[in-house]
Amino acid sequence: MTVLSNKRGVEIDLDSQAPAPAPLVPVAAAEPAEARTLGARLRAYVALTKPRVIELLLITTIPVMFLADGGVPPLSTVLLTLAFGTMSAGAANAINCYIDRDIDAKMRRTRRRPLARHQVTPARALIFGITLAALSTAGFLVAVNPVAAAGSLFAILFYVFVYSLLLKRRTSQNVVWGGIAGCMPVLIGWAAITGGVAWTPLVLFGVVFLWTPPHTWTLAMRYRDDYAVAKVPMLPVVASERRVVTESLVYTYATVACSLLLWPVAGMGPMYGAVAVVLGLVFLAEGHRLLRAVLAGVTGVHLRPMRFFHLSNVYLALLFTAVAVDPILR
């Protein structure tokens, strides 16, 4: 995440406004009565897992299982992989919420998360995350296979210790290398069907890896002020808009090139090739639009970086849909 993988780029001087904790006081004070209801508690724990992030991970897992099987994979394997994969991603996200609870309270985008609103105590959030991690790893090991279990555990540990604790607050390249955790569902999905790893899922791993920085950076352009207040050195905070857009375009070219590499490596049919080419051209066109705008002196909200962000979601979803459909048509 990756960016995770952040929205409209409006420049606001947050330091000139009321201190960051002030807006949170009424919200926090109102929570205890609501939080006593079972439904509210359940919603809070679900929110800790960041369901929207999990949706993106599942988009890359299921199609790879179709490709690995060469057709429609066993439904039981798919359902088990999705269930334990959801738990695995939820575990990493819940522990991340525990680690980032201080900065989440300062950022507009995250200040309504359960820990920032005091709906869940930090200790319970941490226990919840660790419990999900243990259950997901054990589930993969017993019901799927050891390779999938190892991939799941690696993704959790990498996201928590490498991204959340080591990279996020120290380097503008945080989402570049931290994005490795978000690529693991590709390998896990393949391993769930085949029991191993091959060049084909590694190429798709590369697609997601290269896609993550521009996806996350354009999102971060919207919340640049948030990250600045929280002192998180996302690239849009420490670099000019021109550099962010230029580097995003470079990664976009690399993403499209890697998607085309899958064609010969996996022996994909013409349908996948056509979809990859068309989607790639559209994706690159939007990247060039951003670059032309920033070179013309356009800045802030007028750059409309969220257009690129939303398109990147559509690009990945449709590309992986083609990955799933292609082996069925062959």
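Scope of the values below: all heavy atoms of this structure, side chains included, with no hydrogens, waters or symmetry mates. Here the structure is a predicted model, which is why all the values come from computation and not from measurement.
- Side-chain contact between Val237 and Val232 is absent, with no heavy-atom pair separated by less than 4.5 Å.
- Electrostatic pairing of Asp226 and Arg108 counts as a salt bridge here, judged by a charged N lying under 4.0 Å from a carboxylate O.
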(message) For Thr49 and Asn93: C-alpha separation, side-chain torsions, deciding distance, then whether side-chain hydrogen bond (donor to acceptor under 3.5 Å, both in side chains) applies.
(response) CA-CA 5 Å; Thr49 67; Asn93 290 333; over 6 Å; no
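- Taking the six-membered ring for Trp, Phe308 and Phe283 have ring centres closer than 6.0 Å.
- Remark: Asp102 engages Arg169 in a salt bridge, criterion side-chain N to carboxylate O under 4.0 Å.
- Using a cutoff of 4.0 Å between basic side-chain nitrogens and carboxylate oxygens, Lys168 and Asp100 are scored as salt-bridged.
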Let me have the donor-acceptor pairs involving side chains of residues 74-89, under 3.5 Å, with sequence neighbours excluded, atom names and distances please.
from, atom 1, to, atom 2, distance (Å)
Thr81, OG1, Thr77, O, 2.7
Thr86, OG1, Leu82, O, 2.7
Ser88, OG, Ser152, OG, 2.8

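- A donor atom on one side chain and an acceptor atom on the other are not found under 3.5 Å apart for Tyr98 and Arg124.
- Separation of the Tyr251 and Trp217 ring centroids falls under the 6.0 Å cut-off.
- Residues forming a side-chain contact (heavy atoms from CB on, under 4.5 Å) with Val277 (at least two apart in sequence, or on another chain): Leu260, Leu281.
- At a threshold of 4.0 Å, the pair Glu286-Arg289 counts as salt-bridged, since one of the basic side-chain nitrogens sits closer than that to a carboxylate oxygen.
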Could you give the side-chain donor-acceptor pairs of residues 140-147 under 3.5 Å, partners two or more places apart or in another chain?
from, atom 1, to, atom 2, distance (Å)
Asn145, OD1, Val147, N, 3.2
Asn145, OD1, Ala148, N, 2.8
Asn145, ND2, Ala191, O, 2.8

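- Between Phe128 and Tyr45, the gap from one ring centroid to the other is short of 6.0 Å.
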